[in-house]
Amino acid sequence: MRRDPLAFLGEDMSALKTQGLYRRLRVLDDTQAARTRIDGREVVNLSSNNYLGLTTHPRLKEKARAALEQLGVGTGSVRTIAGTMAIHMELERRLAAFKKTEAAVVFQSGFAANAGTVAAILTKDDFVISDELNHASIIDGSRLSRASIKVFPHRDASAARAILKDLPKTPRKLLITDGVFSMDGDLGALPELCELAEEFGCIMMVDDAHASGVFGANGRGTIDHFGLHGRVDVQVGTLSKAVGALGGYVAGSRSLIEFLHHRGRPFLFSTSHPPSVAATCLAAIDVLLEEPQLIEQLWANTRFFKAGLKSLGLNTGASESPITPVIVGDASVAMRLSDRLFEEGVFAQGIGFPTVARDKARVRTIVMATHTREDLQFALDTFGKVGRELGLI
Ligand SMILES: Cc1ncc(COP(=O)(O)O)c(C=O)c1O
């Protein structure tokens, strides 16, 4: 009988189970909302990137429905052959104006935008200087580019400077950071890194996936928040989190965007967004511009919830955003905490290695604009109850 050549995969999964790191997929029985049903249980949802509640916003749903009726369900082609519709071009114009850049290009996801862009603009003779906690899509894009990868300790601009001082004066060096770090909720060292990029002639790139719709005027992101317009060459954002739909984009100079039309491999070799997705994103930009109270509510909820977690005596790290980790160290404790919270009606996913360092396992919470005070107080009371039960407080 033929031996299963993939048997080693099962062994890997057994090892995860022994280490308490195996995760069954949680299944939503309802919408992606602040209070919803997951695996048959009513929960307060603290694991969603749907910061502003836009996944179910009436204006977005209406525009998606209209585009579906008028333009159909799919595009049937990649952008560079027959898959560019007028609505894609309109979305890119609106995104560029929103980000205050000359141009923008939309990819199928934020992952594709990061990986496709880094891989396209660098060659094996170039260097990437990257924060150690940058997103996996940046790491993968860097590897694909075959450039030399130099990693600096988290947010440590002086360490980045020491690396840059030792590098040859090659024309292409990419200095890259997340705007908001997805597992810790802290901000990249953008002002310091922009200084360095100017001093050493680097391309400056920021992945603002978790900042778009959250930081800066009307949710323009960390570049706006820090007043760095014109100093970041490559801005990546996602349409999959606060914007509530799906996709990623790069905003920058016209020549950067035209280059990506010709060299960004996910743009060239993967089918474009259905028109309903583009229409949804256009409606989301309208909401960001016309309903800023959603962002204000997100921040009011964030302040309330963070203060509550801290006053319980939990370790919430150095977060500056609606993402607040509850760091417990050991992965099996994080998974136990997450499971017990879930049984009590609070969904906050446990996160362990390799997503975070082995000794920094955590439960990650994300507040939404659409949580009510009752939802958040219930979640805090539950953290208190379960935290005491597990000896964390
Ligand atoms: C920092 C960061 N960058 C990029 C991405 C990828 O975005 P998307 O989900 O749109 O592919 C994510 C999402 O997990 C992220 O957290």
Side-chain angles (χ1 to χ4, degrees), residues 23 25-26 32 46-52 54-55 91-92 95 99 104-119 128 130-144 151 154-155 174 176-190 193 205-216 219 221-223 225 232 234-251 260 264-267 270-274 277-278 280-281 284-285 317 319-325 349 351 354-356 362 364-368:
R23 299 312 283 165
L25 295 177
R26 294 266 186 221
Q32 180 61 266
L46 291 177
S47 285
S48 175
N49 298 319
N50 178 24
Y51 291 100
L52 302 173
L54 298 196
T55 59
L91 176 59
E92 288 167 345
L95 284 169
K99 288 285 177 169
V105 56
V106 170
F107 286 77
Q108 297 82 355
S109 68
F111 195 111
N114 268 332
T117 301
V118 175
V128 190
S130 181
D131 187 291
E132 68 176 331
L133 295 188
N134 277 344
H135 190 254
S137 51
I138 293 175
I139 298 170
D140 287 7
S142 304
R143 288 175 180 160
L144 276 172
V151 174
H154 185 45
R155 305 182 72 217
L174 177 71
I176 184 162
T177 182
D178 282 2
V180 174
F181 288 88
S182 56
M183 294 300 140
D184 291 87
D186 53 351
L187 301 186
L190 265 66
L193 294 178
M205 176 163 168
V206 175
D207 168 15
D208 245 354
H210 282 277
S212 309
V214 176
F215 279 88
T222 53
I223 286 108
H225 171 78
V232 175
V234 188
Q235 296 187 42
V236 168
T238 181
L239 304 165
S240 329
K241 300 186 195 298
V243 167
L246 178 70
Y249 57 92
V250 180
L260 292 173
R265 288 172 73 83
F267 185 84
S270 185
T271 295
S272 52
H273 275 145
V277 171
T280 308
C281 297
I285 298 173
S319 165
E320 301 162 78
S321 72
I323 300 173
T324 309
Q349 191 63 272
I351 295 172
T355 311
V356 295
R362 65 199 58 194
R364 184 181 65 156
T365 69
I366 305 183
V367 161
M368 294 164 62

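All values reported here derive from a predicted model rather than from experimental measurement. Read the numbers this way: they start at 1 and go in the same order the structure lists the ligands and their atoms. Side chains included, hydrogens not; waters and symmetry mates left out as well; all remaining heavy atoms used.
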Minimal non-hydrogen separation, Ala242 against Gly213, with atom names: CB-CA, 3.9 Å
Could you tell me which non-hydrogen atom of Ala209 sits nearest to which non-hydrogen atom of Lys241, and how far apart they are? O-CD, 3.8 Å
Kindly identify the option in Val180, Asp207, Asn134, Asn49 whose heavy atom sits closest to atom 4 (C) of ligand 1. Asp207
Please say whether [X] places an N or O atom under 3.5 Å from an N or O atom belonging to ligand 1.
| X | answer |
| --- | --- |
| Ser137 | no |
| Ala209 | no |
| Lys241 | yes |

What protein heavy atom lies closest to [atom]? Include the residue and the distance to one decimal.
| atom | answer |
| --- | --- |
| atom 5 (C) of ligand 1 | His135 CE1, 3.4 Å |
| atom 7 (O) of ligand 1 | Gly110 CA, 3.5 Å |
| atom 16 (O) of ligand 1 | His210 NE2, 2.9 Å |
| atom 6 (C) of ligand 1 | Phe111 N, 3.4 Å |

Side-chain donor-acceptor pair present, [X], [Y], cut-off under 3.5 Å:
| X | Y | answer |
| --- | --- | --- |
| Asp208 | Thr222 | yes |
| Gln32 | Ser48 | yes |
| Thr55 | Asn50 | yes |

Determine whether Ile366 and Tyr51 make a side-chain contact, defined as any pair of heavy atoms from C-beta on separated by less than 4.5 Å. yes
Kindly indicate whether the side chain of Asp184, heavy atoms from C-beta on, has any atom under 4.5 Å from the side chain of Arg362. yes
What atoms in ligand 1 come closer than 4.0 Å to a heavy atom of [X]?
| X | result |
| --- | --- |
| Ser182 | 16 (O) |
| Thr238 | 7 (O), 8 (P), 10 (O) |
| Ser109 | 10 (O), 11 (O) |
| Asn114 | 3 (N), 4 (C) |

Let me confirm one number: the CZ-CG distance from Phe107 to Leu239, rounded to the nearest 0.5 Å. 12.0 Å
Pair His154 + Phe181: ring centers closer than 6.0 Å: yes
Taking the non-hydrogen atoms of Gly247, is any one of them nearer than 4.0 angstrom to ligand 1? yes
